[in-house]
Amino acid sequence: MFSKEIEFSAHEDYFALKEDYPTPIKLNIPEWFKKLEHTYLNKTIKGCMPFLDTLTSGYLLKMPQDFGLRHNLDNKNTEGKEFKDSFQTFGLHDMPQLLYAKSINLNSGLDVHPPKQLEGSPLIEKNKKLSFYKIINPWKIKTPKGYSCLFVSPLNNSDDRFSIVSGIVDTDTFPNEINFPIVINGDKYPVLETIIKKGTPYVQIIPFKRDNWKMTVKPRLQKEVQNSRLFHGLSLLNLYKDKYWNKKSWK
């Protein structure tokens, strides 16, 4: 039984395209993971339920259009570049998309955050001291009262060229679309010229209930620790899955 519902809504022109709708992220499990085998003689991460939960929890947003990305091409400007020189968009070729772009300013509405807004963060160096480009998201997200959303790059399955700046939004009260600043993976791509294709997964959304928490720190008795180690030392293939794991459902 599903007691909670997350709602995605978009401008009618974009919605009518019936393309790249948000989906449960469990539909985006990578092929390499699917091909793994997990047996007594060949234990792999496919038997790790905490890892599987990262791949299947929540919902997925995909790029709404092609993005032509030209980042740090001259490798000289350390103070940041103009938007038009560093980040270009294209791919709005058919009329419905063009109408959508004009209606909500998708094509020209791309924004940037100057490096000084994250001064002192290690993200500055990773992004080569350039501006942080913001991807305009066409979907408004609504959750039930008391529920927020955690926004991250797809966990353990992200694009190696870029990642979003993670954030939490109270989506039960926030009335607008949520846009996503991105960080270029300058550690791997000091200079990058590429196309982030339309439909590329880029945001994982995990709804959660807001609660007030208090932390307690306390010791464990030696006997309790020893018994725990003995139990977990048993060679059981699916110990966590069979004894501790709770099945989650995302539709």
Side-chain angles (χ1 to χ4, degrees), residues 1-31 33-34 48-65 67 96-97 100-101 103-106 109-111 132-159 162-183 196-213 241 244-251:
M1 180 178 178
F2 296 91
S3 58
K4 303 300 176 186
E5 180 176 320
I6 184 169
E7 177 186 280
F8 296 89
S9 59
H11 187 282
E12 59 185 357
D13 290 343
Y14 184 76
F15 185 84
L17 295 175
K18 298 182 179 180
E19 295 179 349
D20 301 320
Y21 282 3
T23 63
I25 201 166
K26 65 183 180 182
L27 302 179
N28 191 56
I29 294 177
E31 288 300 318
F33 184 84
K34 293 178 181 179
C48 177
M49 303 314 292
F51 187 90
L52 178 63
D53 276 343
T54 69
L55 299 179
T56 58
S57 294
Y59 302 92
L60 179 68
L61 292 183
K62 301 175 183 178
M63 294 292 285
Q65 66 180 92
F67 286 83
Q97 286 179 307
Y100 170 67
S103 296
I104 67 165
N105 208 24
L106 175 68
L110 285 163
D111 198 3
F132 294 88
Y133 315 123
K134 182 183 288 186
I135 296 174
I136 303 302
N137 161 44
W139 296 98
K140 177 184 173 183
I141 302 164
K142 182 72 174 177
T143 48
K145 184 177 180 180
Y147 284 79
S148 299
C149 285
L150 169 66
F151 297 91
V152 294
S153 292
L155 295 172
N156 290 314
N157 191 24
S158 59
D159 195 293
F162 73 100
S163 59
I164 71 162
V165 178
S166 301
I168 291 174
V169 177
D170 295 341
T171 43
D172 56 340
T173 58
F174 187 67
N176 300 319
E177 295 87 358
I178 300 159
N179 301 317
F180 301 99
I182 64 173
V183 180
I196 305 175
K197 297 294 292 183
K198 178 178 177 294
T200 299
Y202 78 107
V203 176
Q204 182 170 356
I205 305 167
I206 303 176
F208 66 92
K209 187 178 186 299
R210 293 191 300 273
D211 282 309
N212 295 320
W213 291 80
K241 178 181 178 181
Y244 306 109
W245 181 66
N246 292 286
K247 184 176 177 61
K248 294 88 176 170
S249 188
W250 305 89
K251 291 189 177 180

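Worth knowing before you read on, the calculation uses all heavy atoms, side chains too, and leaves out hydrogens, waters and symmetry mates.
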Of all the heavy-atom pairs spanning [X] and [Y], show the shortest one and how long it is.
X	Y	answer
Glu19	Tyr14	O-OH, 3.8 Å
Val203	Pro154	N-CD, 4.0 Å
Ala10	Phe15	O-CB, 4.2 Å
Pro22	Leu61	CG-CD2, 3.8 Å
Lys197	Met63	O-CB, 3.7 Å

Please tell me if the side chains of [X] and [Y] come closer than 4.5 Å, counting only heavy atoms from C-beta onward.
X	Y	result
Ser163	Ser158	no
Pro207	Tyr59	yes
Trp139	Ile205	no
Lys26	Lys251	yes
Leu155	Ile206	yes
Val152	Ser166	yes
Thr23	Asn28	no
Asp53	Lys248	yes

Point-to-point distance, once rounded to the nearest 0.5 Å, from [atom1] of [X] to [atom2] of [Y]:
X	Y	atom1	atom2	answer
Asn176	Thr171	CG	OG1	13.0 Å
Phe67	Ile135	CZ	CD1	5.5 Å
His11	Lys140	NE2	NZ	14.0 Å
Lys145	Lys4	NZ	NZ	11.5 Å
Ile168	Leu150	CD1	CG	5.5 Å

Please work out which of the three classes, parallel, tilted or perpendicular, describes the rings of Tyr202 and Phe180, given edges at 30° and 60°.
-> perpendicular
Residues forming a ring pair (Phe, Tyr, Trp, His ring centres under 6.0 Å) with Phe132, sequence neighbours excluded = none
Quick one: list whatever passes ring pair (Phe, Tyr, Trp, His ring centres under 6.0 Å) with Phe208, sequence neighbours left out.
-> none
Is a side-chain N or O of [X] found less than 3.5 angstrom from the main chain of [Y], in a donor-acceptor match?
X	Y	value
Asn137	Glu177	no
Glu7	Lys142	no
Asp159	Thr200	no
Thr143	Ile6	no
Asp172	Gly146	yes
Gln204	Thr54	yes

Can you name the salt bridge (Lys or Arg N to Asp or Glu O under 4.0 Å) partners of Lys18, sequence neighbours left out?
-> none
Answer yes or no: are there more than 12 heavy-atom neighbours, outside Asn212 itself, under 6.0 Å from its atom CG?
-> no
Quick one: are the ring centres of Phe51 and Phe33 less than 6.0 Å apart?
-> yes
